[in-house]
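Heads up: the structure comes next, in structure tokens.
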2 protein chains.
Amino acid sequence: MKVLLVFAHPEPQSLSASLRDVAIGELEAAGHDLRISDLYAMGWKAQVDRTDFPALGPGQRLLPVAASKNAFATATLTDDVKAEIEKLRWADALILQFPLWWFAMPAILKGWVDRVYAYGFAYGVGEHSDTRWGDRYGEGALAGKRAMLIVTAGGWEQHYGPRGVNGPIDDLLFPINHGILYYPGYDVLPPFVTYGADRYDAARFEMAAQHLRERMRTLETATPIPYRRQNAGDYHIPTMELRDGLEAPGASGFGLHLRASGPKK
Amino acid sequence: MKVLLVFAHPEPQSLSASLRDVAIGELEAAGHDLRISDLYAMGWKAQVDRTDFPALGPGQRLLPVAASKNAFATATLTDDVKAEIEKLRWADALILQFPLWWFAMPAILKGWVDRVYAYGFAYGVGEHSDTRWGDRYGEGALAGKRAMLIVTAGGWEQHYGPRGVNGPIDDLLFPINHGILYYPGYDVLPPFVTYGADRYDAARFEMAAQHLRERMRTLETATPIPYRRQNAGDYHIPTMELRDGLEAPGASGFGLHLRASGPKK
């Protein structure tokens, strides 16, 4: 399998980097073809701004959606963005690895999403009609591929549990797993999350590394999170609200968008 | 009241900028003292990296938490970060205004949080004991102040509704409202969110502007989101899990962290 790992930690000797190397070692041992986007090492530019759209005239308003659409359609995106899009097309699996900062990805990785996810590529694709609302949420340019997060969190695991004060980790990651990965079509695997990242010792590292190796060994076979497909009948079109009665008993909020049970539609 | 508005859109002629000017006009008319951090205009640096910690030796590992703690304690944070911290201390109310990109804030604003929220200022403060787990979630350096989001979203309002495919807007914003604003102590007001931002006409703009003016008029008096205080007895310490039976009937996930009813504890 071809795997792209996008890595977002500033320190080459960090816990994140050590875990990345564990993942790389395991993926290479399994014979996968690997490419790495190490955003800090690449000097990745985080913010979306005018320089992202060289075709935009000096007096023209920067409307990010319109500018992205035009730049993608006319192949005038910047070279760094084009290269990342090419990597996403090449890869059968995408791994985003980052430390959880303020319950979200670091700015440099958010900027990778903001810039690389062009209109016409990651969104704004497909037909809008009475039966379809574009190619998104399970369909799109990256459908048929797999994606997964590797996350290091500083806090305690219980603080991210079902009743933990930070909110459940799966809900905190929903905007990424569902909104960023599932949206353009990826099958999203359950995330690998390790906690207490600032209080690691050798024994905990070895435990985490073993778990991570196992997750890398099953990258091709693990069962994705059973998010509902947008255009498969579960949602009203065009309001895109879940039809009544489909949810698992007691499900609400983000949990509505998981299939209650049964095989993948 | 002293108000800091942090603004994160690259285009001075955008809908976001027009709404910002509506908010500014209303706040000034009410006699508030106003400061603006226009991140794009300031050329704000988004990514956390070594240059944020000038005291860090060239051979020293960059551990962001430790580096932040040391830099804050020794007053060696960079001048741009120090200036923002001073503005946060000055302001009685903080407004973060941004377009919702990929269900989160733009990278440049995330980088403002990542860099300005120093250890010892926004986190890592207060005593940890059997009865307290630091000054956070309702306590902290910014307690007694108010905060509020102004958000423009590209999608349809229904797509962000209770059963909408994107997930409910309040849940999508929970990592910001609860995890970034409530964490260091702010009383968080319900967000102002406007939808369909790419399909605005004059009539819709005037409606949104009226609503926004009303929200600015009530900035000082509106009732905050009733998040639970961490150290007021609702959570087990140190696991910080909500005690059984406190939640509203049927509440789960992020909803657990709202007080079920009654006056503020």
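Every heavy atom of this structure was used, including side-chain atoms; hydrogens, water molecules and symmetry mates were not. Naming: A, B, ... by sequence-line order, numbering from 1 per chain.
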With distance as the sole criterion, is a donor-acceptor pair present between the side chains of B:Q97 and B:S16 under 3.5 Å?
no

Pick one of side chain, backbone, both or neither for B:H9, based on which atoms fall under 4.5 Å of a heavy atom in chain A.
side chain

Okay, B:W133 and chain A: the region with an atom under 4.5 Å from a heavy atom over there is side chain

Taking atom types as modelled, find out whether A:T152 and A:T194 have a side-chain donor-acceptor pair closer than 3.5 angstrom.
no

Can a donor-acceptor pair be found, under 3.5 Å and without considering hydrogens, that links the side chain of A:R132 to the backbone of A:N231?
no

Salt-bridge test for B:D52 and B:R115: reply yes if a basic N is under 4.0 Å from a carboxylate O, no otherwise.
yes

Non-hydrogen atoms of chain A under 4.5 Å away: do they reach the side chain of B:D198, the backbone, both or neither?
side chain

Counting only heavy atoms closer than 4.5 Å, note whether B:H159 contacts chain A via side chain, backbone, both or neither.
both

Ion pair present between B:D234 and B:R259, side-chain N to carboxylate O less than 4.0 angstrom?
no

At a heavy-atom separation under 4.5 Å, does B:V65 approach chain A through its side chain, its backbone, both, or neither?
side chain

Which region of A:D170, side chain (C-beta onward) or backbone (N, CA, C, O), has a non-hydrogen atom less than 4.5 Å from a non-hydrogen atom of chain B, or is it both or neither?
neither

Relative to chain A, which segment of B:F254 carries a heavy atom at a distance below 4.5 Å: side chain, backbone, both, or neither?
both

Return the orientation label for the A:F174 and A:Y227 ring planes: parallel under 30°, perpendicular over 60°, tilted otherwise.
perpendicular

Measuring heavy-atom distances to chain B, does A:W101 have an atom under 4.5 Å in its side chain, in its backbone, in both, or in neither?
both

